[in-house]
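Excluded from the calculations below are hydrogen atoms, water molecules and symmetry mates; all remaining heavy atoms, backbone and side chain alike, are included. Residue numbers start from 1 in every chain, and the chains themselves are labelled A, B, ... in the order their sequence lines are given, proteins ahead of strands. Because the structure is predicted, anything quoted here is derived from the model rather than measured.
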Amino acid sequence: MLIEDCDQTFVCRDFIKCPRYRSNTSRRHLQTNMAVRLCDVASLLRSGSWAPEPWTGQVIATMETQLSNGPTCNNTSNGPSTILNNCSSPVESGSIEDSKTNLIVNYLPQNMTQEELKSLFGSIGEIESCKLVRDKITGQSLGYGFVNYVDPKDAEKAINTLNGLRLQTKTIKVSYARPSSASIRDANLYVSGLPKTMTQKELEQLFSQYGRIITSRILVDQVTGVSRGVGFIRFDRRVEAEEAIKGLNCQKPPGAAEPITVKFANNPSQKTSQALLSQLYQSPNRRYPGPLAQQAQRFRLDNLLNMAYGVKSRFSPMAIDGVTSLAGINIPGHAGSGWCIFVYNLAPDADESILWQMFGPFGAVTNVKVIRDFNTNKCKGFGFVTMTNYDEAAVAIASLNGYRLGDRVLQVSFKTNKTHKA
DNA sequence: TAGAATT
């Protein structure tokens with residue numbers, strides 16, 4: 001039986017970029033817990049219209065295996081290389097049976113605050129609680145957090161809407177949180193000495209005999225893309241990780257010339273005092289740069305805009321740098337705690353998520369708001385976005401003004417006092 | 001030989 005002929009629905013286990021995919025809700029990517037028809041995905045893969053990635057072939061193999069074996073619901077992995085299981089609905093998926101309102105959000109930008117997290121997820125529905133996890137000593141974000149909704153439907157909507165959202169240089173991951181327990185902590189392994197040819201899928205295959213893999217990763221050279229021979233495996237439970245160390249440390253993977261080393265990964269928040277000191281005193285805080293850093297950044301920005309658009313950035317506060325935080329100065333877009341951007345010509349069905357999607361990649365966004373008609377609840381054609389940093393806001397405006405969204409051309413500028421109030 | 005995944 002060909003996969004193309006199979007109408008069976010699978011549940012996507014992770015967010016997969018697939019721009020040519022179009023679901024019945026017009027989503028352009030495969031998203032966590034999204035029901036996916038096998039034939040749709042398979043035809044895209046085989047047609048080559050979905051750019052091949054290292055795990056693409058394995059997706060086909062996995063689907064073919066599942067077809068020949070018949071339906072089962074064994075989730076031995078939810079990493080990117082085994083994105084599908086053959087449970088027919090998210091409700092049957094073992095990973096979410098315990099909680100339907102509490103989400104874990106991973107891969108958040110380093111400088112994202114809890115308020116920004118709440119603002120982002122609050123655009124979906126009412127939040128019961130929200131927490132950004134921070135290092136207890138330094139207060140620095142650990143890059144993940146939790147969002148607990150009042151309504152399970154909003155949690156599901158948040159996964160469908162926000163999983164895979166690009167924020168600055170990160171692609172966030174939104175999934176149901178497992179119930180917290182000691183047994184799931186410290187289950188992350190660091191693996192070194194891997195053959196440079198080993199794929200992520202092969203790494204998972206090697207380790208999956210010891211338990212359910214939550215995430216896997218092989219580090220690669222940023223320039224060449226070649227494996228650095230080291231990686232991480234996160235198991236569902238600590239005991240599974242312990243068994244994997246016993247079974248695989250100092251062992252040669254099939255076909256490998258050298259044995260691998262498998263041990264518990266260091267906790268990234270446990271840094272030496274030296275590293276902490278250098279981090280605290282040497283790295284400039286992007287959010288609150290000193291005057292010199294601000295001027296340097298704006299100088300670069302002005303050059304950038306000049307080169308790109310042949311104009312000086314019209315609203316650059318260079319001339320009055322240093323007084324931008326004083327009250328009573330009328331600077332377009334400056335809204336006390338950030339830069340307010342006016343977005344005009346949005347469609348009636350526009351919602352907050354589209355503003356996050358458009359502006360999030362440009363930098364720290366603290367708030368978005370679609371202005372709606374009180375009676376119809378439809379967008380009145382405009383909205384506002386607040387960004388923390390002037391430079392990032394200016395680049396976003398330069399990039400998105402004139403952007404075609406659907407059949408509309410957007411007008412994007414710093415908010416002025418003459419126009420609508422947020 | 002190094003990622004920010006359980007509050």
Quiz item: Does Tyr144(A) lie flat on the base of dA4(B), that is, centres under 5.5 Å apart and planes under 30° off?
Solution: no
Practice problem: Calculate the interatomic distance between Gln114(A) atom CD and dA4(B) atom P; express it in whole Å. | Solution: 21 Å
Self-check item: Arg185(A) vs dT7(B): side-chain N/O to OP1/OP2 distance below 4.0 Å
Solution: yes
Quiz item: What is the distance, rounded to the nearest whole Å, between atom CD of Gln168(A) and atom P of dA4(B)?
Solution: 15 Å
Quiz item: Should Arg228(A) be listed as having a side-chain N or O under 4.0 Å from OP1 or OP2 of dA2(B)?
Solution: yes
Quiz item: Any cation-pi pair here, Arg234(A) with Phe207(A), using under 6.0 Å and within 45°?
Solution: no
Quiz item: In terms of side-chain heavy atoms of Val230(A), which of dA4(B), dT1(B), dT7(B) is nearest?
Solution: dT1(B)
Practice problem: Please check the phosphate of dT6(B) (OP1 and OP2 only) for any side-chain N or O of Arg234(A) closer than 4.0 Å. | Solution: yes
Quiz prompt | Leu167(A) CG - dA4(B) C1' separation (whole Å) | solution = 15 Å
Practice problem: Ignoring hydrogens and angles, answer whether the base of dT7(B) and the side-chain atoms of Asn102(A) contain a donor-acceptor pair closer than 3.5 Å. | Solution: yes
Self-check item: Length of the line joining Asn267(A):CG and dT7(B):P, which is rounded to integer Å
Solution: 11 Å
Exercise. Quickly work out the Leu103(A) CG to dA5(B) P distance and round it to whole Å.
Key: 16 Å
Quiz item: To the nearest angstrom, how far is Lys173(A) atom NZ from dA4(B) atom C1'?
Solution: 14 Å
Quiz item: Is Lys263(A) touching bases, backbone alone, or none of the nucleic acid, heavy atoms closer than 4.0 Å?
Solution: base
Practice problem: Go through Phe235(A) and Tyr210(A) one step at a time and tell me if the ring pair (Phe, Tyr, Trp, His ring centres under 6.0 Å) criterion holds. | Solution: CA-CA 9 Å; Phe235(A) 278 100; Tyr210(A) 297 98; 7.2 Å; no
Self-check item: Nearest listed nucleotide, side chain of Val133(A), among dA5(B), dA4(B), dT7(B)
Solution: dT7(B)
Donor-acceptor pairs are to be reported for all side-chain atoms of residues 180-190 of chain A against protein atoms at under 3.5 Å, with residues two or more places apart or in another chain.
from      : atom 1 : to        : atom 2 : distance (Å)
Ser181(A) : OG     : Ser183(A) : N      : 3.4
Ser181(A) : OG     : Ser183(A) : OG     : 2.8
Ser183(A) : OG     : Arg237(A) : NH2    : 2.9

Practice problem: Measure from the side-chain heavy atoms of Ala265(A) and tell me the nearest of dT7(B), dA2(B), dA4(B). | Solution: dA2(B)
Self-check item: Phe264(A) CZ to dA5(B) C1', straight-line distance once rounded to whole Å
Solution: 15 Å
Exercise. Using a strict 4.0 Å threshold on nitrogen-to-oxygen distance, state whether Lys157(A) and Asp151(A) make a salt bridge.
Key: no
Exercise. Looking at every strand, decide which applies to Thr261(A) at a 4.0 Å heavy-atom threshold: base, sugar-phosphate, or nothing.
Key: nothing
Quiz item: Are a donor atom and an acceptor atom from the side chains of Asn111(A) and Glu116(A) found within less than 3.5 Å of each other?
Solution: no
Exercise. Using atom CG of Leu189(A) as one end and atom P of dA2(B) as the other, report the distance to the nearest whole Å.
Key: 17 Å
Exercise. Determine the contact category for Leu219(A): base if any of its heavy atoms lies under 4.0 Å from a base atom, sugar-phosphate if only primed atoms, P, OP1 or OP2 are that close, otherwise nothing.
Key: sugar-phosphate
Quiz prompt | Test item: side-chain donor near acceptor, Glu128(A) and Asn148(A), under 3.5 Å | solution = yes
Exercise. Tell me whether the OP1 or OP2 atom of dT7(B) has a side-chain N or O from Ser180(A) closer than 4.0 Å.
Key: yes
Quiz item: Can you tell which of dA5(B), dT6(B), dT7(B) lies closest to the side chain of Ile184(A)?
Solution: dT6(B)
Practice problem: Look at Arg217(A) and dA4(B) and indicate whether a side-chain polar atom (N or O) is within less than 4.0 Å of OP1 or OP2. | Solution: yes
